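Written out below as structure tokens is the structure these notes cover.
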Amino acid sequence: MARHTLPTLVAIDGPAGSGKSSVSRAVARRLGFAYLDTGAAYRALAWLALDRKTDQTQADAVTALLKDFDYSIGTDPDEYFVTVGQTDVTDAIRSPEVSAAVSAVARVPAVREALTELFRSLAANVDRPGVVVEGRDITTIVAPEAEVRILLTASEEARMARRSAEITTQSAQTVAEQLRSRDRADSQVVDFMSAADGVITVDSTHLDFEQTIDAVIDVYHTRTKRALNE
Ligand SMILES: Nc1ncnc2c1ncn2[C@@H]1O[C@H](COP(=O)(O)OP(=O)(O)OP(=O)(O)O)[C@@H](O)[C@H]1O
Ligand SMILES: Nc1ccn([C@@H]2O[C@H](COP(=O)(O)O)[C@@H](O)[C@H]2O)c(=O)n1
């Protein structure tokens with residue numbers, strides 16, 4: 001009987017706007033790996049809370065949503081989608097309302113436990129030789145055993161400039177304040193501002209997009225070669 005080999009895990013954490021999703025997706029494409037965006041699940045649950053008019057500050061009410069959280073995500077880097085039940089929420093989960101609500105949902109311990117299990121199962125069952133998983137606690141909680149663990153950072157100034165270039169419907173000041181306040185709230189729950197032991201920092205402040213992808217791929221090759229020699 002064929003033995004199921006676990007996919008190679010590339011874990012990437014970092015603050016909002018550091019380039020986790022865009023860089024991880026591009027790295028997955030280059031390596032022929034799957035791509036798992038974990039923030040999408042927290043966003044989808046926040047979307048459900050808003051849809052059901054659930055008070056996101058009430059941990060019990062948010063936890064109760066988990067029982068009918070019928071969540072699905074595409075892990076092919078070229079076919080990304082997010083659904084809740086029959087509803088495609090791929091775009092809706094990026095709305096300012098969801099971004100403002102998501103940290104309250106993500107701080108509920110029962111939510112973190114359930115989603116961590118879900119991420120482990122999704123990552124273990126991809127149909128590619130590896131998977132790039134990105135979020136806030138992948139290198140530390142979800143997959144501390146990952147072969148490659150990276151903290152992707154950039155200065156607050158660079159992250160804000162990149163994000164506000166993307167969002168044209170809000171002022172640069174509003175975008176910056178939302179980014180800062182989300183990082184502040186999220187970092188009370190998990191530490192994604194400093195690299196844990198064994199985690200390599202890639203600082204993209206002075207790198208363009210392609211250089212950042214190259215830097216991550218370099219870390220991948222260095223770490224996987226070293227693992228082969230150990
Ligand atoms: N090195 C870079 N140079 C220039 N732009 C970059 C670089 N890395 C990422 N970007 C751009 O910065 C923006 C934010 O990146 P991205 O959405 O991937 O960040 P993120 O860390 O996933 O953010 P969030 O956690 O808020 O979802 C995107 O427009 C992306 O194309
Ligand atoms: N591993 C993770 C990933 C995300 N979160 C929470 O979800 C929010 C949205 O994440 P994005 O990557 O899409 O920005 C984020 O602000 C966190 O609240 C998390 O807790 N852990």
Side-chain angles (χ1 to χ4, degrees), residues 11-28 35-47 49 56 62 71 73 77 80 82 89-120 122-123 132-144 146 149-168 175-176 178-193 202-216:
I12 303 188
D13 288 327
S18 62
K20 297 179 303 297
S21 23
S22 49
V23 171
S24 299
R25 195 188 301 204
V27 166
Y35 158 62
L36 179 60
D37 167 6
T38 62
Y42 290 100
R43 285 177 179 273
L45 192 62
W47 174 86
Q56 310 106 49
V62 171
Y71 176 76
I73 186 165
Y80 180 81
V82 180
V89 295
T90 312
D91 295 328
I93 61 169
R94 305 289 152 196
S95 71
E97 292 76 19
V98 169
S99 296
V102 69
S103 299
V105 166
R107 68 177 307 122
V108 176
V111 166
R112 300 203 73 80
E113 273 167 39
L115 294 190
T116 294
E117 282 313 308
L118 173 70
F119 302 147
R120 288 177 182 152
L122 288 169
V132 183
V133 188
E134 56 93 359
R136 302 290 187 293
D137 59 349
I138 313 304
T139 61
T140 51
I141 308 286
V142 175
R149 294 154 75 219
I150 294 173
L151 181 74
L152 182 60
T153 61
S155 69
E156 197 174 83
E157 205 185 5
R159 292 189 287 114
M160 284 171 190
R162 290 169 188 171
R163 201 14 69 81
S164 64
E166 232 182 10
I167 302 176
T168 49
V175 170
Q178 285 173 351
L179 201 93
R180 252 190 236 113
S181 93
R182 192 149 61 91
D183 273 350
R184 219 179 294 129
D186 290 339
S187 53
Q188 287 170 5
V189 181
V190 278
D191 180 10
F192 49 82
M193 297 305 272
V202 173
D203 184 341
S204 77
T205 308
H206 303 292
L207 303 179
D208 67 21
F209 188 62
E210 288 300 318
Q211 289 170 327
T212 309
I213 297 165
D214 289 343
V216 169

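First listed ligand is number 1; within each ligand, the first listed atom is number 1. What you see below is based on every heavy atom in this structure, not just the backbone, and it leaves out hydrogens, waters and symmetry mates. Remember, it's a predicted structure, so these values are computed and weren't measured experimentally.
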ask   = Which residue supplies the protein heavy atom nearest to atom 12 (O) of ligand 2, what is that atom called, and how far is it?
value =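 Of every protein heavy atom, Arg136 NH1, 2.9 Å lies nearest to atom 12 (O) of ligand 2.
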
- Which residue holds the protein heavy atom closest to atom 14 (O) of ligand 2, what is that atom called, and what is the gap in Å?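 Checking every protein heavy atom, the shortest distance to atom 14 (O) of ligand 2 gives Arg182 NH1, 2.8 Å.
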
Show the atoms of ligand 2 that are less than 4.0 angstrom away from any heavy atom in Thr38.
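Ligand 2 atoms under the 4.0 Å threshold to Thr38: 1 (N), 2 (C), 3 (C).
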
Check your understanding: What part of Arg94 sits under 4.0 Å from ligand 2 if we count only heavy atoms: the side chain, the backbone, both or neither?
Key ->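 The side chain, only.
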
Which residue, Gln56, Arg184, Gln188, Arg182, forms the side-chain contact (heavy atoms from CB on, under 4.5 Å) with Ser103?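 Result for side-chain contact (heavy atoms from CB on, under 4.5 Å) with Ser103: Arg182.
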
- Would you call Arg112 a ligand 2 contact, heavy-atom distance under 4.0 Å?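 Flag set, Arg112 near ligand 2.
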
Is there a polar contact, in the sense of an N or O pair closer than 3.5 Å, between [X] and ligand 2?
X      : answer
Asp37  : no
Asp137 : yes
Lys20  : no

- Message: What I want to find out is whether Arg163 reaches Asp183 closely enough, with some N-O distance under 4.0 Å, to be called a salt bridge.
- Response: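 No.
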
Test side chain to side chain donor-acceptor pair (under 3.5 Å) applied to Ser99 - qualifying residues, sequence neighbours left out: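 Expected list: Arg43.
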
Item checked: Near ligand 1, at a heavy-atom separation below 4.0 Å: residues by chain and residue number ->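 Its neighbours under 4.0 Å (heavy atoms only) are Pro15, Ala16, Gly17, Ser18, Gly19, Lys20, Ser21, Ser22, Arg136, Arg162, Arg163, Glu166, Arg182, Ser204, Leu207, Asp208, Phe209, Thr212, given by chain and number.
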
